[in-house]
2 protein chains.
Amino acid sequence: MNIGEIAKRAGVSRSTVSYALSGKRSVSEETRRKIQRVIDELGYRPNASARALANGRTSTIGLVFPPAGNHYTGMQLDFIGSVVEAAAAFDYDVLLSPSGVDSDRSFQRLLGERRVDGAILMEIRLEDDRAAHLAELDFPAVAIGRTAHPERGWWVGLDHTALTAACVHHLADLGHRRIAFVNRPEQLLRTGYESAHRGLDGFTKAAAERGLTVRTYCCGDDAASGQACLARILHDDPATTALVTLNEAALGGLYRGLAQAGRHVPRDFSVTGVVAGRWAETVTPQLTAADVPAEELGRLAVDLLVERLDHPDAPPRHHLLTPPISLRASTGPCTAS
Amino acid sequence: MNIGEIAKRAGVSRSTVSYALSGKRSVSEETRRKIQRVIDELGYRPNASARALANGRTSTIGLVFPPAGNHYTGMQLDFIGSVVEAAAAFDYDVLLSPSGVDSDRSFQRLLGERRVDGAILMEIRLEDDRAAHLAELDFPAVAIGRTAHPERGWWVGLDHTALTAACVHHLADLGHRRIAFVNRPEQLLRTGYESAHRGLDGFTKAAAERGLTVRTYCCGDDAASGQACLARILHDDPATTALVTLNEAALGGLYRGLAQAGRHVPRDFSVTGVVAGRWAETVTPQLTAADVPAEELGRLAVDLLVERLDHPDAPPRHHLLTPPISLRASTGPCTAS
DNA sequence: TTGAAAGCGATACCAA
DNA sequence: TTGGTATCGCTTTCAA
């Protein structure tokens with residue numbers, strides 16, 4: 001059933017039905033009611049493909065995120081959920097594209113075949129070929145995270161530099177002098193993953209500023225890796241009394257490693273980092289951390305994208321968030337001699 | 001740039017370009033190369049909306065999952081990821097629809113506007129209006145989970161009845177006599193959420209069979225609720241020595257409650273349940289559990305849906321999985337007097 | 001082996 | 001306030 005059918009049954013032209021639906025032209029109250037009755041009767045809904053073809057808009061946004069070579073993190077889940085819901089509020093649907101790089105088939109489809117009106121890019125890298133490609137095409141996109149050239153683009157992100165620095169200062173204030181940094185997997189760092197880089201940066205600089213002794217580690221995105229990593233930390237420097245981590249998925253493993261080594265948190269060892277709130281609360285003791293506001297990030301990203309779609313030549317906008325550290329139960333004064 | 005442009009530059013007709021692309025009609029090697037050269041030069045890709053309009057297929061499947069009234073679980077994350085990747089392997093894109101019930105706008109759009117060729121339904125209820133509606137329309141869909149009338153449909157699911165029963169038998173074999181069941185939130189149970197019902201069922205029957213003393217609880221999908229629930233369990237019956245849970249998100253809280261009550265796992269108290277493997281490994285001690293094979297479920301669901309799309313009147317198929325219990329470290333012999 | 005042209009189902013311009 | 005019709009970009013039938 002199509003718009004012609006409706007028109008016929010309502011005894012009007014197809015254009016009138018179209019206008020009655022879109023409201024882009026006034027339609028007499030009487031014909032509008034006539035049309036609406038037929039529509040309700042038949043349960044008619046305009047075909048999305050036809051509409052997209054005719055007016056060039058798909059009412060769909062693409063959410064581009066890398067395939068789980070290893071694992072997705074809980075934060076990503078929260079983020080995806082909030083994007084989908086925020087988009088739904090604007091009557092946009094969300095098309096998922098598991099693409100880590102420009103050349104992924106799915107990414108090519110998204111853009112080349114014009115499947116979406118705009119895109120949100122997750123897991124941004126400092127030099128991101130997806131973002132570069134999009135910018136070159138002037139394709140409406142919002143990145144989650146900042147590339148190395150943030151001024152030119154639309155994005156929402158976390159100030160990882162400030163966040164890890166805040167963690168360091170928190171620990172230093174508690175008297176810790178020898179601390180470790182547990183980063184995301186090495187492969188992500190190597191490929192220029194933004195949060196891994198900026199997080200490491202903030203950690204390193206703040207530690208230098210406070211004159212701390214540090215060691216930094218990369219760690220796989222799973223509990224087993226976390227456990228192994230913790231073992232290495234204590235092996236490399238048994239006098240370590242605290243750590244900062246960006247690696248949410250490894251957190252449970254880090255805790256386990258600590259327990260295994262007989263270090264009590266927070267009495268003998270403090271743990272902190274950058275983790276989504278609800279995941280920080282699943283470990284015991286609950287993690288003192290900068291809570292990643294995944295929902296807010298998702299919402300803001302959608303807001304920005306919708307704005308950009310509505311105003312094609314609005315100047316670039318962005319949001320840099322720096323959530324405060326939530327004091328929970330995993331850090332305490334350094335008790336080492 | 002469109003197919004006409006390509007045709008003009010290659011000096012052929014639009015239909016020839018179309019056929020060269022689809023291979024549905026033979027094209028001389030020479031013209032094919034000529035066309036391909038132009039396509040490569042211009043980076044042409046056929047417009048998805050136009051193609052969908054013309055041939056009635058969107059090459060998109062819908063993934064319908066309820067909005068996170070409270071929270072998404074890790075298992076859902078793994079599942080979404082595997083669906084997206086499995087679909088990508090068939091060159092299908094995935095459209096997310098945050099719909100819990102038939103009447104959700106996004107669900108209506110999906111179907112009514114023909115945005116997708118088929119759908120995968122998550123979080124199925126025993127009486128599921130979404131599934132019913134889809135079946136009535138004979139719309140290609142695959143459910144994750146069984147409704148009360150599983151024989152009529154296409155689905156992949158877990159045998160929650162058998163799974164929780166296996167957990168009970170495991171505990172009974174270890175000598176536990178007083179055990180608790182920690183279910184998903186009451187609201188989900190009330191609305192007929194399949195796994196909550198069948199899981200409860202399997203638990204109850206197996207416990208009766210073994211002559212155990214049981215109590216069953218509903219619990220919110222978060223750590224705080226888990227902790228509170230555990231407190232209630234021990235308050236209601238301090239002699240409880242084990243629990244079975246379906247509630248992954250509450251797991252960390254259950255553990256914390258146990259620690260707080262001074263019960264050591266697994267010496268004083270055994271914990272088991274149905275949880276995705278990688279989440280079972282984040283807690284300490286690692287959870288002995290029936291590992292939800294989320295990736296496999298996602299892959300199978302896509303396989304089934306693609307099969308159904310390719311063979312519109314193939315008879316219904318389904319997969320009922322019963323993963324074994326993975327012995328880890330959270331259960332042990334009952335040491336109660 | 002190829003081309004011409006009729007759809008697919010909307011939108012929106014031009015007339016009336 | 002309405003109708004007629006060209007148009008969006010592709011697929012596919014019918015002819016040559």
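Remember, predicted model here, so these are calculated numbers, not experimental data. Protein chains get the first letters and strands the later ones, always in sequence-line order, with residue 1 at the start of each.
Between dG3(C), dG9(C), dT2(C), one nucleotide has an atom nearer to the side chain of Asn2(A) than all others, and that is dG9(C).
In this model, the phosphate group of dT1(C) is approached by a side-chain N or O of Ser26(B) to a distance below 4.0 Å at OP1 or OP2. Look at Asn47(B) and you won't find any side-chain N or O under 4.0 angstrom from OP1 or OP2 of dG9(D). The shortest distance between the side-chain N/O atoms of Lys24(B) and the OP1/OP2 oxygens of dT12(D) is below 4.0 Å. When the side-chain nitrogen and oxygen atoms of Arg14(A) are compared with OP1 and OP2 of dT11(C), none of them lie within a distance under 4.0 Å. Of the side-chain N and O atoms in Ser15(A), none sit less than 4.0 angstrom from OP1 or OP2 of dG4(D).
Taking atom NZ of Lys34(B) as the reference point, atom C1' of dT1(C) lies 12 Å away to the nearest angstrom. One interatomic measurement links the two molecules: CE of Met1(A) to P of dA10(C), which rounds to 9 Å at whole-angstrom precision. Protein atom CG of Leu21(A) is 14 Å distant from nucleotide atom C1' of dA12(C), rounded to whole Å. As rounded to whole Å, 12 Å separates atom P of dA10(C) from atom CZ of Arg45(A). Here the P atom of nucleotide dT2(C) and the NZ atom of Lys8(B) are 20 Å apart, to the nearest Å. The interatomic distance linking Ile3(B) (CD1) with dA4(C) (P) rounds to 14 Å, in whole Å. Here the P atom of nucleotide dG9(D) and the OH atom of Tyr44(B) are 10 Å apart, to the nearest Å. Here dC10(D) presents its P atom at 21 Å from CZ of Arg51(A), a figure rounded to the nearest Å.
Using a 4.0 Å heavy-atom criterion, one finds that Ser22(B) contacts no nucleic acid atom at all. Among the atoms of the strands shown, base atoms are found under 4.0 Å from some heavy atom of Ser18(B).
Residues Thr16(A) and Ile35(A) form a side-chain contact, since some pair of their non-hydrogen atoms from C-beta on lies under 4.5 Å apart. Two residues are said to be in side-chain contact when any heavy atoms from C-beta on lie closer than 4.5 Å; Leu305(B) and Tyr92(B) fail this criterion.
Below the 3.5 angstrom threshold, one finds a donor paired with an acceptor across the side chain of Tyr19(A) and the base of dC13(C). A donor and an acceptor atom never sit less than 3.5 Å apart when one is taken from the side chain of Arg114(B) and the other from the base of dG9(C). The base of dT1(C) lies outside donor-acceptor range of the side chain of Arg25(B), with no N or O pair under 3.5 Å.
The pair Arg33(B)-Glu29(B) meets the salt-bridge criterion, since a charged nitrogen lies less than 4.0 angstrom from a carboxylate oxygen. Residues Arg9(B) and Glu5(B) are paired through a salt bridge, judged by an N-O separation under 4.0 Å between the basic side chain and the carboxylate.
In this structure, Ser28(B) and Asn55(B) both approach DNA chain C, and ranking their closest nucleotides by distance from the 5' end singles out Ser28(B). Mapping Ser49(B) and Thr16(B) onto DNA chain D by nearest heavy atom places Ser49(B) at the nucleotide closer to the 5' end.
Scanning all heavy atoms of the two residues, the minimum distance from Trp154(A) to Arg308(A) falls at CD1-NH1, 3.2 Å.
Atom CZ of Arg105(B) is surrounded by 12 or fewer heavy atoms from other residues, nucleotides or ligands within 6.0 Å.
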